[in-house]
Undergrad: 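Pasting a structure below so you can have a look.
Every number for a ligand or one of its atoms is a count from 1 in the order of the listing.
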Amino acid sequence: MQTATADNVAATRQKFYDRLSPRAMAPLWEVLKGLVPEQPKSKFAAHVWKFAEARPLLMEAGDLLTAEEAERRVLVLENPALPGGSRITATMYAGYQLIMPGEIAPAHRHTASALRMVLEGNGGYTAVAGEKTTMNRGDLVITPAMTWHDHGQEEKKPVIWVDGLDLHTVNFYEAAFMDHFNDKSQILSKPEGYSESEFGSGFAPMEPRRPFGQTSPIFNYRYANARPALMRVASAGAPDPHLGHALRYVNPQDGGWAMPTIATWLTHLPKGFETQAIRSTDGQSLVVLEGEIAFDIDGKTFTAGESDVACVPSWMWKKMRATKDTVVFTMSDRSAQEKLGIYREERR
Ligand code: GTQ
């Protein structure tokens with residue numbers, strides 16, 4: 001009789017598995033540990049993209065093709081652990097977008113929600129749902145799911161911003177739709193500033209309306225408002241040991257995050273301040289608006305200065321030290337994770 005050696009046990013099991021696969025079945029016990037891990041172990045890498053490197057390349061792209069040809073002329077920020085993945089973290093897409101003088105990035109709409117963190121506004125604009133908004137450095141401009149949007153620049157300087165989209169989340173669910181408008185620019189039906197006036201100045205319409213569903217009806221959170229607010233709050237107390245001085249962008253209709261899938265907030269770290277270690281299950285991307293941050297991510301160090309973008313994948317210990325007075329914008333998939341009840345964080 002044959003003895004049950006490890007080899008022939010494995011061979012017998014493999015023969016069994018070989019009969020499962022043609023029937024579209026598989027043994028769970030071979031894959032269980034990967035499917036149900038004890039804790040997150042991100043496949044992605046922490047990384048910093050330097051604007052000083054990206055900007056000349058973006059301008060080269062400006063010579064290579066028009067915004068109209070490209071539809072969106074963007075250098076995608078690809079996490080170095082997944083080249084070709086078009087993603088900065090597990091769920092989020094990000095990129096540097098350029099509009100050259102006189103150009104229009106034509107109107108379209110899609111299921112994915114988008115945000116723009118403006119780096120060089122120079123009089124450029126985005127039109128959303130019939131309303132134009134001028135873009136200035138530090139403005140957070142939102143395009144809610146399925147709203148028409150086109151971007152343009154009538155002045156003589158280029159416009160550059162960081163795009164953040166939830167498109168990988170939408171695509172994961174295989175729920176993505178998109179349409180092109182029948183003209184380059186959409187039809188404007190409201191004066192500039194309409195949404196901010198109607199919903200963003202301590203008022204709301206008498207007859208309740210949710211023009212963008214679960215997304216905030218304010219689609220430009222201006223730095224001209226946000227920065228003084230952050231600085232005034234910061235001047236009145238000590239920074240939180242783990243978060244610094246942080247304020248989140250809020251949907252005035254429900255007090256929640258401004259976007260259903262993407263959480264956004266603004267942080268001020270005074271020069272010399274270092275945060276305590278924190279880790280969280282959201283994948284974060286940070287855009288430095290002012291100053292400079294020295295990051296310690298799971299023991300690896302990076303620095304990010306003005307207009308640089310950093311990413312911090314899920315569940316990596318993060319510390320940030322401000323080498324100058326610093327303001328940084330953060331976007332993450334926390335908003336979606338909270339709705340699914342899976343967001344978690346830990347502080348040291
Ligand atoms: O501006 O609509 O970076 O549709 C990627 C896809 C920007 C946009 C991106 C897009 C857009």
Undergrad: Can you check side-chain contact (heavy atoms from CB on, under 4.5 Å) on His151 and Ile104, steps first, answer last?
TA: CA-CA 6 Å; His151 317 289; Ile104 292 172; over 6 Å; no
Undergrad: List by chain and number: which residues place a heavy atom under 4.0 Å from ligand 1?
TA: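 Within 4.0 Å of ligand 1, protein side: Arg72, Val74, Tyr93, Gln97, His108, His110, Arg116, His149, His151, Asp163, Leu165.
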Undergrad: Looking at every heavy atom in both Lys271 and Asp325, which two are closest together, and how far apart are they?
TA: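 Looks like N-OD1, 2.8 Å.
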Undergrad: Name all residues meeting the side chain to side chain contact (heavy atoms under 4.5 Å, CB included) criterion together with Ala54; count only those two or more places apart in sequence or in a different chain, and write none if there are none.
TA: Tyr96
Undergrad: Mind checking side-chain hydrogen bond (donor to acceptor under 3.5 Å, both in side chains) for Ser42 and listing every partner two or more places apart, or none if nothing turns up?
TA: none
Undergrad: Taking side chain to side chain contact (heavy atoms under 4.5 Å, CB included) as the test, write out the residues that go with Arg279, two or more places apart.
TA: Gln39, Trp315, Trp317, Glu346
Undergrad: Between Thr66 and Glu103, does a side-chain hydrogen bond (donor to acceptor under 3.5 Å, both in side chains) hold up when you go through it step by step?
TA: CA-CA 8 Å; Thr66 64; Glu103 285 189 335; 5.2 Å; no
